[in-house]
Amino acid sequence: MPAPTKSYPLSVVRGLTASDMGKLRRAGIASTRKLLAATARGAKAEHALATSTGISLTKLREAVKRADLLRVTGLGPKTAFLFAAAGVA
């Protein structure tokens, strides 16, 4: 059985505003684990979530990339942000 995905509150995902986090919470997504699960089926799932929340698809995809980086063992929110800023994700 695979190890459970690490999970962080959405507040550690840089680029999401308080308004964005509120929209995601109203959609039942309050953590990075739930964000990744909601978008795991690919582009159609991302588009559906962006449409239902009113968050731009570009912003949502950036948040998903950063949340995905947080799953890497040894990478915390600050390091994940640096990797994302360097274009790793």
Side-chain angles (χ1 to χ4, degrees):
M1 180 190 302
T5 303
K6 287 193 295 185
S7 190
Y8 293 91
L10 291 176
S11 59
V12 303
V13 180
R14 296 233 179 144
L16 288 177
T17 64
S19 174
D20 296 332
M21 288 182 272
K23 291 173 183 178
L24 287 167
R25 281 190 195 98
R26 284 189 289 282
I29 300 167
S31 67
T32 56
R33 180 182 297 157
K34 288 188 177 184
L35 177 61
L36 291 171
T39 57
R41 295 191 182 251
K44 285 185 180 182
E46 290 174 344
H47 182 71
L49 184 58
T51 301
S52 69
T53 58
I55 298 171
S56 78
L57 184 57
T58 302
K59 184 182 257 191
L60 182 66
R61 284 186 172 155
E62 285 300 314
V64 169
K65 286 180 190 177
R66 290 182 177 147
D68 192 39
L69 274 175
L70 289 170
R71 295 183 317 142
V72 176
T73 301
L75 232 61
K78 290 179 183 178
T79 309
F81 172 73
L82 293 174
F83 272 71
V88 172

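Scope of the values below: all heavy atoms of this structure, side chains included, with no hydrogens, waters or symmetry mates.
Residues that satisfy the side-chain contact (heavy atoms from CB on, under 4.5 Å) test with T73, not counting sequence neighbours, are absent from this structure.
Summarising the geometry, atom CG belonging to L35 is positioned 10.5 Å from atom CG belonging to L70; distances are rounded to the nearest 0.5 Å. Atom OG1 of T32 is separated from atom CG of D68 by 10.0 Å, given to the nearest 0.5 angstrom.
Heavy-atom minimum distance, A50 versus S56: CB-C, 4.3 Å. Residues L16 and L10 come closest through the heavy atom pair CD1-O, 4.2 Å. A38 approaches L49 most closely through the heavy-atom pair CB-CD2, 4.3 Å. When all heavy atoms are compared, the tightest approach of R61 to A43 is NH2-CB, 3.7 Å. Of all non-hydrogen atoms in Y8 and G76, the two that sit nearest each other are OH-CA, 4.3 Å.
A side-chain hydrogen bond (donor to acceptor under 3.5 Å, both in side chains) check over residues 10-29, counting only residues at least two apart or in different chains, returns the pairs T17-D20, D20-K59.
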